[in-house]
Amino acid sequence: MTNIPDSYDPDRIESNWQDEWQDSDVYEFDPSDSDTQYVIDTPPPYPSGNLHLGHGLGWSYIDFSARFHRLQGDAVLFPQGWDCHGLPTEVKVEEVNDIHRTDVSNEEFRDLCVEWTNARIEEMKQTMRELGFSQDWSAEYRTMDPEYWGQTQESFVEMADDDMVYRDEHPVNWCPRCETAIADAEVENVDRSGTLYYVTFEGVGNDDIEIATTRPELLAACVGMAVDPDDERFADRVGDTFEVPLFGQEVELVADDDVDPEFGTGAVMICTFGDKQDVDWWAEYDFDLRPVFTEDGHLNENAGEFEGLSIDDAKDEIADALDDEGVLVDSEPTEQSVGACWRCDTPIEILSKEQWFVEVDQDLILEKADDVEWIPEHMHDRLVDWTESMEWDWVISRQRVFATPIPAWECRDCGYWHIASAAECPVDPNEESPAVGECPECGSGATPEESRGAGGEAAETNWRGETDVMDTWMDSSITPLHISGWPQDIDLDDFEPVDLRPQGHDIIRTWAFYTLLRTGALTDEKPWDDILVNGMVFGPDGNKMSKSRGNVVEPDEAIEEYSADAVRQALALGGRPGSDVQFQWKEVKSASRFLTKLWNIVKFAGGHFDEDTPDIADPAYRDADRWILSELTRVADEVEAEMEAYRFDAALRRLREFAWEDLADDYVELVKGRLYNGRPGERAAAEKTLYTAVTSVVRMLSVFSPHVTEEIWQHLPGTEGSVHNAAWPDPDYLDEDAEVAGRHIAETASEVRAWKSESGMPLNEDLDRVELYFEPGQNGKLDTYDLSETVNAPIKLVEGRPDVELVPVDVDGDESEIGPEFRSEAGAVLQGIEAADPAEIQAQIHSGDTVTVEAAGESYDLDADWLSVDEEYRAESGEEVTVLEASFGTILIYE
RNA sequence: GGGUUCGUGGUCUAGUUGGUUAUGACGCGGCCCUUACAAGGCCGAGGUCGGUGGUUCGAAUCCGCCCGAACCCA
């Protein structure tokens, strides 16, 4: 007898176990525990402070895998990192403290960012805790910690040593609002309405030409002009020279295939730079460089009288000036797609700047990506498409504050750039001088010993510390290395791919891409064996969750309404991993009902357990026991296979079906009689079977619903420690004969139960007797003990047909036999069977192996086995009897 | 404009080697307190599997086209 509380109280259970786990080591990664490991490259989220259901889905998948592998006996590392650095935090800190980042020292500003970030992390950890995620918090990391960003720097140094990091002047995407360079991955295309201006350029010794542009503010930067080589309108004009209106520089016309002759007049101006196409042409035709924009989005001295105007103002004023000059021929509204900063949506410009770059080795990335198992598979295509479309190397320098410092110094005398050694990291080059001392290039003096270590003294040397910082993706693209223990515990050469990278599809071109790039470059290994890409979570209305739509559901809201254990199941069942999940209250509700059901199953079963139940030896199993144990064996195997394939939805569905339908509805009902009234030996077999089934289900289900299963586990006899440190059940009771018998027993019980319910009689109403008639070929041997107790009647088993009047009403042909046999005539044969007299067909079946059917004027001989005759009871003869049809034959009930 | 994924009862969903009556949940209607569970049980209504053409004896499933949705890229 166990002392399981009468009612299931998830609020109490969940907070109680969350507290318990907090102070225990159930989730601790201990490689000495096991020969096999399972290491998860958990996403380090940006600490926004809000862990939404989208995170909830991703982390649920991770948690299912982590818990499953723990039960499988692997030493599981489920770490949790935080991707702290970045512009959003800077903006937030400026806003909250009502300062501009230049109002305080970099150090002070950084401290404010760290403080703010730590508070946000605590908020998100709280929600993670409430959802029951099983991170090993001793493996937590924050990319803003010196230990971590020192590793980022070290990885930078390693790549620089191999010439995969370099500093150069190159056109880069530039956000004029954030005033920083950004990578291609950070540029998003947005559709906008704009104006297309038609402008005449005066010919120099040749005819004028008319071009179309949406960007008159770039006229000052115009350095060339292009047309399609096959464009008849411009035949013979290549090489002509024109004067740029308002600004006066002369430009030449070139012919290039990349010009779209359909756009505007067919002639376009080439500027430095309007877009990436301009950069290509500029490089190919060796045009001048005439930059016209400043870093903060204004026009510079190259714009003459327009200097100082913002880009938007300049667009209007220059258009007006063109009109005044009489060279603005026409203008019309147009739809265009422009590149914009992903953070602030400001249209980006392309500026040529000295920046730090990481080489993009497309072949290496594609090779590693190909070695990784992608789930779902088609996500691999996204990575390939993105990689193949990369034109520029990755610009990693950012003109910001809250990020990993680039560990490099420039010699004030000769401009030589010195990069720190690995041993110097972490290092802030603006606080410290390099260990190298004198400039290796020009020998310019430095006194490193005295100047190191104290802030500000670096300025006394000839070294100028780099003020640019790194793209935050430089931090997060080494997570597989960090969690593997590099650089303290392993060298780069020792790195082996970790087991799983879970992540969202929205960051394939960033996190997945950069990690493949960096791990590949640093170790020549793929970063992980499997990548599991999760979909998005939509609101209950099927739309993307958004405050303006008012369809946002927060995790704590759902947990409060039902329970974390139920929410996790709802997320698991939302669809196969990779597909988007629509959050639905009904799924949470149905999960919650299932958990109540489970609780009640355990309450019932536990009432029959005592301390000796686990040790019952050689029980005298009956058919019902053998049947449910055999089903359990299948379920454990199937669920294991689904979990290994990351089919959490299928795994949980199977488990629920077994627990509710097979175990609760059928088995428990079948053995109640034996448990309450049976002799000790008979009872013991049922008790042991129940015990095996319940403890197995609880263990498997602990993956999905960790709290209630832990609570139950503690109440069960024979258990030790946490269910989360138990072993995956490995029942070995396959018994096909018992399965057949068990299915017949369960079906009969269920049919009789339904009939009693329909007839308005109590389920425990006793009956005179029940007879089971087995069709030829059905195994009619089964154990009637439990069935008799359940339906409350003596059971009689009979081979053959009951002595009641049966009328053949329909004949079915087996299409999988008749189809291949008669091919194109199969349709006619089936129609013939349908049209024939069932009684006549039945007579033929009884008299021989062959049945002849008339169809479409032809006779066809069919194997009698291909036909089955449906019969109905038309009249009852003699004794009053109720006839139920079953899959194996017929059930007769005598009241 | 290019690409990917996907359209199954009112809602969401299972069904990836073509083969009897298409799965389940929630909702809806009716009946029932049965010594684990009314937070339950039983029964029922509700689907031309987006449309269309094809392959096949046979298509939710394979192929073509069309319509619609979402996402990625330009």
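Letters A, B, ... are given to chains in the order of the sequence lines, protein chains preceding strands, and every chain is numbered from 1.
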Given the [atom1] atoms of [N] and [M], what is the spacing between them in whole Å?
N	M	atom1	answer
B/U11	B/U56	C1'	35 Å
B/C43	B/G24	P	12 Å
B/U61	B/U17	P	13 Å
B/G40	B/G47	C1'	29 Å
B/G7	B/A14	C1'	15 Å
B/C67	B/G51	P	15 Å
B/C42	B/C33	C1'	13 Å
B/A59	B/U16	C1'	14 Å

Would you say a side-chain N or O of [X] is under 4.0 Å from OP1 or OP2 of [N]?
X	N	result
A/Trp660	B/G41	yes
A/Asn189	B/A74	yes
A/Lys276	B/A74	no
A/Arg509	B/C72	no
A/Arg653	B/C12	no
A/Arg382	B/G3	no
A/Lys597	B/G41	yes

When we call it a touch if two heavy atoms are under 4.0 Å apart, what does [X] touch: a base, just sugar-phosphate, or nothing?
X	result
A/Arg647	sugar-phosphate
A/Ala828	nothing
A/Val829	nothing
A/Glu815	base
A/Lys756	nothing
A/Ser590	sugar-phosphate
A/Arg823	base
A/Pro376	nothing
A/Gln277	nothing

Tell me which nucleotide among [options] gets nearest to the side chain of [X].
X	options	result
A/Ser757	B/U16, B/G41, B/G40	B/G41
A/Phe538	B/C26, B/U16, B/A70	B/A70
A/Trp386	B/C43, B/C12, B/C73	B/C73
A/Lys603	B/G19, B/C37, B/G24	B/C37
A/His378	B/G15, B/C42, B/U5	B/U5
A/Asp812	B/C37, B/C26, B/U20	B/U20

So, the side chain of A/Ser696 versus the backbone of A/Thr692: is there a donor-acceptor pair under 3.5 Å, distance only?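 At least one qualifying donor-acceptor pair exists.
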Which label fits A/Phe64 and A/Tyr61: parallel for a plane angle under 30°, tilted from 30 to 60°, or perpendicular past 60°?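 A/Phe64 vs A/Tyr61 ring planes: tilted.
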Hey, can you tell me if A/Trp866 and A/Phe822 have their rings parallel, tilted or perpendicular (30° and 60° cut-offs)?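 A/Trp866 vs A/Phe822 ring planes: perpendicular.
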5′-ward residue of the pair A/Glu825/A/Lys672 relative to RNA chain B: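 Closest to the 5' end, via its nearest nucleotide, is A/Lys672.
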For RNA chain B, whose closest nucleotide is more 5', that of A/Glu657 or that of A/Gly827?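 Checking each residue's closest nucleotide, the 5'-ward one belongs to A/Glu657.
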Salt bridge flag under 4.0 Å for residues [X] and [Y]:
X	Y	result
A/Lys276	A/Asp184	yes
A/Arg12	A/Glu711	yes
A/Arg674	A/Asp786	yes
A/Asp649	A/Arg653	yes

Report yes or no: do A/Thr890 and A/Glu885 form a side-chain donor-acceptor pair below 3.5 Å?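 A/Thr890 vs A/Glu885: no donor-acceptor pair found between side chains.
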Just checking, is any N or O donor in the side chain of A/Asp541 or A/Asn551 under 3.5 Å from an acceptor N or O on the other one?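 A/Asp541 vs A/Asn551: donor-acceptor pair found between side chains.
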Taking N and O atoms by type only, does the side chain of A/Thr596 place a donor or acceptor under 3.5 Å from a partner on the base of B/A39?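 Indeed there is one.
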A/Lys589 (side chain) and B/C26 (base): donor-acceptor pair under 3.5 Å: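 Flag unset: no donor-acceptor pair detected.
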Please report the distance, rounded to the nearest Å, between [atom1] in [X] and [atom2] in [N].
X	N	atom1	atom2	answer
A/Leu655	B/G24	CG	P	18 Å
A/Leu595	B/A39	CG	C1'	11 Å
A/Asp665	B/G24	CG	C1'	14 Å
A/Phe263	B/G1	CZ	P	17 Å
A/Asn534	B/A70	CG	P	20 Å
A/Met536	B/A69	CE	P	18 Å

Could you tell me which nucleotide pairs with B/C62 by Watson-Crick or G-U wobble geometry, both distances under 3.5 Å, or answer none if nothing does?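 Base partner found: B/G54.
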